[in-house]
There are 2 protein chains.
Amino acid sequence: MLKPEKYDPLKRSVAHVLDIIGEGWSILIIREAYFGSRRFEDFQRHLGIARNILTGRLKKLCANEILDRVPIKEGAKRHEYVLTAKGKELMPLLISLTHWGDKWVFGENAEPVIFLDRDHREPIKKMKVYSSRGVALRPRDIMVVAGPGASQEAQQRIEELNLAFDSPVDEPPG
Amino acid sequence: MLKPEKYDPLKRSVAHVLDIIGEGWSILIIREAYFGSRRFEDFQRHLGIARNILTGRLKKLCANEILDRVPIKEGAKRHEYVLTAKGKELMPLLISLTHWGDKWVFGENAEPVIFLDRDHREPIKKMKVYSSRGVALRPRDIMVVAGPGASQEAQQRIEELNLAFDSPVDEPPG
DNA sequence: TACAATAAGTTTTTATTTGAAACTTATTAA
DNA sequence: TTAATAAGTTTCAAATAAAAACTTATTGTA
C-alpha cells in the first residue's frame, strides 16, 4: 500500500502499524487467534479465506512477531500459530473496533458478540480515551505534539496544526 | 475482500466494520481528518494517495457516514469532508493503534506523535481494557458471549469456544 | 500393514484493485 | 483575461487477491 519513503512526516506513526496489521484479513486472523484458533485449517475454515492468502498473512504476522509459529510437538513438521505478547496487546484495538461496530453498525441490542470480564461475567467497559487523571476525553479535549521520534517535517506540521487549532476563530487579524 | 454471506458466524462482528474502515488508506484518511484536513487537496497532499483512490475512499466514507460532504459555502460546488459523530468516535481505535505502534514498533522514546490532554498538557492514559468496575483486564481475564445479534451458528461456535476455554486441561476424560 | 482421510501448504489461472499520470471542468486570484 | 489552483475522471500498466486443483506429510483405522 505505501512505500516506506512515504511514511513521513505525520502519517508514519500509524501507516507503519497499518503495514503490519492493516492488510485485508490480518485483523480477522488475529481475532481468530484470540478465539482459540491455532492451526492453519482452523483459520481457513472459520474465516473462509483462500489458502494461499492465509499462507501469506500468517507468514507476515509471524515475521512481525504478532504470531509465533511453533511445532505441534518436538520435531514435528506441522505447526501452530500462537499469539505473542505483542499480538495479545492488540486487544484494545480489537475491542475498540468491536465496540464501535456495536454502536454504529449493529446498534444497541443487536451486538453480535459481547466481551465479559471473566471473573464477574459482566460486560467490560466501553473503550474510551482517558486523561492521565482518569477523566474521559472527547476528541476536542485531545491535542497532539511531536514525540522524540518525529521527523523534522512532522514536527513542523504538528506545530502548524496546533497553531491552527489554538487560534480563536474570531480573533481580529491585527 | 469479503462477500457478505461470508460474514457469519463469528467474524461478522468485526468483518463488517472492516469493510467500512478497513480498506487501505481509509484509516489514514480518517486520521488526517482528525488532524484538520477537510479538502480533497489536503488529503491528497498530506497522504500522497493517488487521486482516483482518494475519490473512491472519500465516497465510501461518506456513504457510510464517517465523513460528511458539505459545500464550502451555500450553493458552492466544492466540498469539504468533515467527520461525523460516528467518525469522531473512532478516536479510541486510532489511539489504540498509535499506542500499540509506540510500544511495539517505534519503542519507548521514539514515539512519532504523542496525544495530550489539552487542558493539562499531559499525555493521555494508554488505552486499556477495563472491567465495569474499573479494573484493567488482561486478555485471559476476558471472555466472549453471544449477543442479541448473534446468528445461530455464531451462538454455537461461541459456546464451543467457551467450553474449550473453561474445561481444565488436566481433567480426566471420563 | 495398507488405505483413507485430514492437514498444511503450493501452483496455476483469472479477476479485482491499485497506482501513476494525463486530462477535464470549475473556481479563485492577479 | 489569463493563469493558477481545486476537485475530480479517465486510461492503462502493475500488483494483489480469489478460487480451485494439486502436492506432500501425517494421522487414524480396518
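Just so it is clear: chains get the letters A, B, ... in the order the sequence lines come, proteins before strands, and each one is counted from 1.
Around atom CD of Glu122(B), more than 12 heavy atoms belonging to other residues, nucleotides or ligands sit under 6.0 Å away. Summarising the local packing, NZ of Lys128(A) is surrounded by 12 or fewer heavy atoms from other residues, nucleotides or ligands at distances under 6.0 Å.
Counting to the nearest Å, the P atom of dG9(C) and the CZ atom of Phe43(A) are 11 Å from each other. The CD atom of Glu80(A) sits 13 Å away from the P atom of dA7(C) (whole-angstrom rounding). Going from atom CD of Gln44(A) over to atom P of dT10(C) covers 14 Å, rounded to whole Å. Distance CG (Leu28(A)) to C1' (dA17(D)): 15 Å, rounded to an integer number of Å. dT9(D) atom P lies 14 Å from atom CD1 of Ile49(B), rounded to whole Å. Taking atom CZ of Phe40(A) as the reference point, atom C1' of dT23(D) lies 13 Å away to the nearest angstrom.
To the nearest 0.5 Å, atom CD1 of residue Ile21(A) and atom NZ of residue Lys86(A) are 10.0 Å apart.
Salt bridge Glu41(B)/Arg51(B): present, at least one basic N to carboxylate O contact under 4.0 Å. Between Lys103(A) and Glu108(A) there is no salt bridge, since no side-chain nitrogen of the basic residue lies less than 4.0 Å from a carboxylate oxygen of the acidic one. Comment: Arg39(A) does not engage Asp42(A) in a salt bridge, judged by the lack of any side-chain N to carboxylate O separation of less than 4.0 angstrom.
Put simply, the side chain of Arg51(A) and the base of dA8(C) share a donor and an acceptor less than 3.5 Å apart.
Side-chain proximity of Glu41(A) to the nucleotides dG19(C), dA7(C), dG8(D) is greatest for dA7(C).
Contact annotation: Arg39(A) side-chain N/O to dA8(C) OP1/OP2 distance is under 4.0 Å. Side-chain N/O atoms of Trp25(B) include none lying less than 4.0 angstrom from OP1 or OP2 on dT18(C).
As judged by a 4.0 angstrom heavy-atom cut-off over every strand, Tyr81(A) is placed among residues touching the sugar-phosphate backbone only.
At least one side-chain heavy atom of Met127(A) sits less than 4.5 Å from a side-chain heavy atom of Val129(B). Using a 4.5 Å heavy-atom cutoff, the side chains of Arg157(B) and Phe35(A) are in contact.
His99(B) and Lys125(B) make their closest contact through CE1-O, 3.2 Å (heavy atoms, listed as atom of the first residue, atom of the second, distance).
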| Could you run down nucleotides 25-30 of chain C 5' to 3' and tag each one B, S or - for protein heavy-atom contact under 4.0 Å? | -BBS--
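Using a 4.0 Å cutoff on non-hydrogen atoms, the parts of residues 53-71 of chain A near DNA chain D are Ile53(A), Arg57(A), ordered by number.
Between His79(B) and Asn52(B), the one whose closest nucleotide on DNA chain D sits nearer the 5' end is His79(B).
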